[in-house]
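Have a look at the structure below before the remarks.
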Amino acid sequence: MQLPFDNSYARLPERFFSRLAPEPVSQPGPIRVNRPLAEFLGIDADWLGSGEGTEVVAGNRVPEGADPIATVYAGHQFGSWNPQLGDGRALLLGEVIGADGKRYDIQLKGSGRTPYSRMGDGRAPLGPVIREYVVSEAMYALGIPTTRSLAAVTTGDPVYRESALPGGVLARVASSHIRFGTFQFFSSRQDNEALQLLVDHSIERHYPESGDSDNRALALLQQVVARQAALVARWQLVGFIHGVMNTDNMLISGETIDYGPCAFMDDFNAETVYSSIDHGGRYAYQNQPGIAHWNLACFAQTLLPLLDSDENAAVELAQSSIDRFPELFLDAHQSGMGLKLGLTLEGDEDEALVQDLLSVMSESAADFTLTFRALTDRTAAQPGTATVADIFELPDLFSPWLERFEQRAARESQFAGNRREIMSRANPVFIPRNHLVEEAIRAAEDEGDFSVFERLVERLEKPFEYDADDARFALPPRPEQVVRQTFCGT
Ligand code: AMP
Ligand code: MG
């Protein structure tokens with residue numbers, strides 16, 4: 001057996017999913033296998049890249065031990081309630097245990113129609129497969145909790161959108177695919193038994209330390225609030241815009257999922273939106289913490305019947321748990337920003353220093369990533385280390401702020417000895433910039449050339465180590481390369 005499956009979600013009652021096989025494709029072709037991830041999951045990477053492994057990822061062969069299911073969920077999409085969603089173009093093949101002893105889902109995305117496809121074709125064009133592979137693996141390398149990409153294949157079949165596009169399938173890995181929307185589905189049907197099963201399953205998988213809690217629903221809620229706060233703080237600190245923070249795209253595990261219209265900002269502007277369908281800017285960069293808070297309120301609501309048999313007491317528990325979000329977010333953001341600046345931030349003066357930095361970045365439309373990297377380079381730059389000085393200069397507008405920064409840095413005691421190291425580990429130089437992702441997609445879709453994609457994936461594996469030979473991967477886009485809009489992978 002090539003995939004050591006042990007499928008716990010498929011052992012839940014039938015109303016949690018639909019059992020069905022993937023729809024075969026005409027001509028599976030390998031694109032890439034994530035070898036370290038395969039090995040971590042106990043999967044032979046050579047096999048995964050072989051003809052047989054490619055057929056498994058394409059959905060033409062269901063491996064022994066797999067129990068493919070499409071899971072059901074609901075959700076708020078752009079604030080509007082949708083009582084029935086579900087895996088419309090994905091199938092959970094099964095679960096395996098990683099080298100860390102934890103359980104991981106292996107899901108095929110783009111594997112054909114399911115009972116939840118609605119009007120969709122269940123397929124994914126190659127472009128979104130490439131985008132998700134690049135960006136999810138880049139997030140992993142940045143140390144940000146995320147679903148991952150195990151392998152990608154071509155299908156040989158066209159996918160019809162505005163035009164005919166080549167199709168692909170992505171094998172995605174997640175600690176689980178349990179969404180806020182999974183809880184919402186059962187909550188809206190007043191199925192408390194299913195909710196309890198989901199709470200137990202989620203705790204066992206993601207929060208085993210809360211297993212003995214006498215109020216498991218409350219323990220789960222508190223943990224989910226804390227992980228979301230930490231996650232969104234990490235997004236803000238690298239300029240990541242998720243783009244479609246619907247409740248069905250939020251995982252209980254606290255991992256980033258659904259790399260549809262996501263993007264990293266180039267110039268700093270807190271109002272940035274890339275998604276072509278986000279007309280009101282609901283999911284703009286600056287709104288992400290507030291939206292996460294709102295999503296958590298939706299999640300908390302689903303747990304009310306389990307929190308306390310007295311309704312008022314339940315509401316109070318839910319409210320006090322979600323009320324902790326702003327503080328948890330601000331703490332996580334502040335300590336992360338402290339690492340980026342090499343300072344132990346505390347007090348109003350430090351707060352103003354951070355706010356004024358963001359203002360001057362915004363006013364001068366400074367590149368988000370390279371600004372922090374340039375600040376890193378200014379801090380005890382060592383002779384012989386490559387700096388971004390050749391490709392980026394802080395705008396003149398920064399001068400008064402830099403003076404304050406340096407005065408503050410001189411008073412830093414806690415990080416004093418190793419500021420440069422702390423800062424270079426908090427400030428990536430290589431991020432999946434939109435124009436680079438676009439370039440990889442164009443080569444793959446238009447020319448069937450995956451070398452641009454491969455090179456980008458490999459370059460983004462070490463985001464904190466600058467190498468001047470790879471300067472082109474660190475550069476902001478030239479005006480003609482700027483990508484202003486991204487599209488969902490549908
Ligand atoms: P998303 O916007 O990617 O989070 O997807 C929202 C819902 O639409 C989910 O239930 C998806 O499974 C479904 N969906 C998206 N694209 C397709 C497609 N091409 N075919 C079928 N269902 C889809
Ligand atoms: Mg989704």
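Order of listing sets the numbers, starting from 1, for every ligand and every atom in it. Computed from heavy atoms alone, side chains included, the values below leave out hydrogens, waters and symmetry copies.
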Only heavy atoms of [X], strictly under 4.0 Å: list the atoms of ligand 1 that pass.
{"X": "Gln77", "result": "6 (C)"}
{"X": "Tyr73", "result": "9 (C), 10 (O)"}
{"X": "Gly86", "result": "9 (C), 10 (O), 11 (C), 12 (O)"}
{"X": "Gly122", "result": "18 (C), 19 (N), 20 (N), 21 (C)"}
{"X": "Arg123", "result": "19 (N)"}

Ring-face cation of Arg459 near Phe473 (centre distance under 6.0 Å, axis angle within 45°):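 No; the conditions do not both hold, so Arg459 does not lie above the ring face of Phe473.
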Where do Ser8 and Glu95 land on the side chain to side chain donor-acceptor pair (under 3.5 Å) test, with the steps shown first? CA-CA 7 Å; Ser8 67; Glu95 301 156 25; 2.6 Å; yes
So that I can check it, does any N, O or S atom in Asp258 come closer than 2.8 Å to the Mg ion (ligand 2)?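 Here the distance criterion (N, O or S atom, under 2.8 Å) is met by Asp258, so yes.
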Give a yes or no on whether Asn246 keeps an N, O or S atom under 2.8 Å from the Mg ion (ligand 2).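 For Asn246, the answer is no, given that no N, O or S atom comes within less than 2.8 Å of the Mg ion (ligand 2).
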With a 4.0 Å cut-off on heavy atoms, is Asn249 in contact with ligand 1?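 The answer is yes: ligand 1 sits under 4.0 Å from a heavy atom of Asn249.
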Please determine whether any non-hydrogen atom of Arg161 lies less than 4.0 Å from an atom of ligand 1.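 So Arg161 counts as touching ligand 1.
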Given Gln184, which partner from the list Arg189, Gln301, Arg179, His76 fulfils the side chain to side chain donor-acceptor pair (under 3.5 Å) test?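 Output: one option passes, namely His76.
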So between Asp121, Ile277, Asp248, whose heavy atom ends up nearest atom 19 (N) of ligand 1?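 Ranked by closest heavy atom to atom 19 (N) of ligand 1, first place is Asp121.
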Taking the minimum heavy-atom distance to atom 12 (O) of ligand 1, which of Gly88, Ala74, Gly120 ranks first?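 Comparing heavy atoms across Gly88, Ala74, Gly120, the nearest one to atom 12 (O) of ligand 1 lies in Gly88.
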Pairing residues for Asp44 by the side chain to side chain donor-acceptor pair (under 3.5 Å) criterion, not counting sequence neighbours: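 If we apply the side chain to side chain donor-acceptor pair (under 3.5 Å) test to Asp44, skipping adjacent residues, there are no hits.
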Sub-3.5 Å N/O-N/O distance, [X] and ligand 1:
{"X": "Arg118", "answer": "yes"}
{"X": "Arg89", "answer": "yes"}
{"X": "Leu85", "answer": "no"}

Going by distance alone, is a donor N or O of one side chain under 3.5 Å from an acceptor N or O of the other, for Thr147 and Tyr259?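 On atom types as modelled, these side chains do not qualify, holding no pair under 3.5 Å.
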Parallel under 30°, tilted from 30 to 60°, perpendicular over 60°: which one fits the rings of His201 and Tyr9?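 Taking Tyr9 first and then His201, their aromatic rings stand perpendicular (interplane angle over 60°).
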From CA spacing to verdict: side chain to side chain donor-acceptor pair (under 3.5 Å), Ser136, Ser149: CA-CA 7 Å; Ser136 67; Ser149 296; 2.9 Å; yes
To the nearest 0.5 Å, what is the distance between CG on Leu126 and CG on Leu170?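 If I round to the nearest 0.5 Å, the distance is 10.5 Å.
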Can you tell me which portion of Asp258 lies within the under-4.0 Å heavy-atom range of ligand 1? Options are side chain, backbone, both, or neither.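 Side chain only; the backbone of Asp258 stays clear of ligand 1.
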Would Arg172 and Asp258 count as a salt bridge (charged side-chain N to carboxylate O under 4.0 Å, His left out) here? Give the steps. CA-CA 10 Å; Arg172 172 162 79 182; Asp258 213 313; 5.6 Å; no
Let me know which of Trp235, Tyr283, Tyr285, Phe264 forms a ring pair (Phe, Tyr, Trp, His ring centres under 6.0 Å) with His242.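 With His242 as partner, ring pair (Phe, Tyr, Trp, His ring centres under 6.0 Å) holds for just one option, Trp235.
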